[in-house]
Amino acid sequence: MTSYAGRGRSALVLAGVLGSVHAAFSLYWGVGGEWLVETLGRRMVDAFAGWEWLLLPIGAVKLVAAWVPLAAARAGWPARRLSRGVCWLGAAVLLVWGGLNTVVGNLVLAGVIVP
């Protein structure tokens, strides 16, 4: 095993663990958990009141997406370039989405934007 393969596999395991934590919150909220739900914002919580169950399939998809790259790498996935491109695209979308939410949230906290 080359050094790159070891680092790549470690990165995929770390991504799987972090993705599982992310999925776990969706699953937790989907079964009615309330810890940290206020971090979503009152408007979001109110808009989805009674529809929390929708987070169960979303959490399941997140969990699968967290581990499929590692499983595919171990199995010698034949469409490696395509799947890697899809993973990079997904990562970029999540970074932009999270980054924008962080910036807007901080602008609200700073009083620049009034909800």
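Since we're looking at a predicted model, the values are computed, not measured. In what follows, every heavy atom counts, from backbone to side chain, and hydrogens, waters and symmetry copies are set aside.
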Only distances under 3.5 Å count here; give the side-chain donor-acceptor pairs of residues 12-22 to other protein atoms, sequence neighbours excluded, each with its distance to 0.1 Å.
unit_1 : atom_1 : unit_2 : atom_2 : d
Ser20  : OG     : Gly16  : O      : 2.8
Ser20  : OG     : Trp67  : NE1    : 2.6
His22  : NE2    : Lys62  : NZ     : 3.1

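- Under the rule for a ring pair (Phe, Tyr, Trp, His ring centres under 6.0 Å), the partners of Trp29 that lie at least two apart in sequence or sit in another chain are Phe25.
- Neither Leu63 nor Leu55 shares a network with the other; the hydrophobic side chains, linked directly or stepwise wherever heavy atoms of I, L, V, M, F, W or Y lie under 4.5 Å apart, form separate groups for each.
- Between the side chain of Tyr28 and the backbone N or O of Ala23 there is no donor-acceptor pair closer than 3.5 Å.
- Think of Leu27 as one node in a network of Ile, Leu, Val, Met, Phe, Trp and Tyr side chains linked at under 4.5 Å; its network also takes in Val31, Leu56.
- When the side-chain hydrogen bond (donor to acceptor under 3.5 Å, both in side chains) test is applied to Arg42, the partners found at least two apart in sequence or on another chain are Asp46.
- When the side-chain contact (heavy atoms from CB on, under 4.5 Å) test is applied to Phe48, the partners found at least two apart in sequence or on another chain are Met44, Trp51.
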Show me the donor-acceptor pairs within less than 3.5 Å that the side chains of residues 93-114 make with the rest of the protein, sequence neighbours left out.
unit_1 : atom_1 : unit_2 : atom_2 : d
Asn101 : ND2    : Trp97  : O      : 3.2
Thr102 : OG1    : Gly98  : O      : 2.8
Asn106 : ND2    : Thr102 : O      : 3.1

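- Rounding to the nearest 0.5 Å places OG of Ser10 at 10.0 Å from CG of Leu70.
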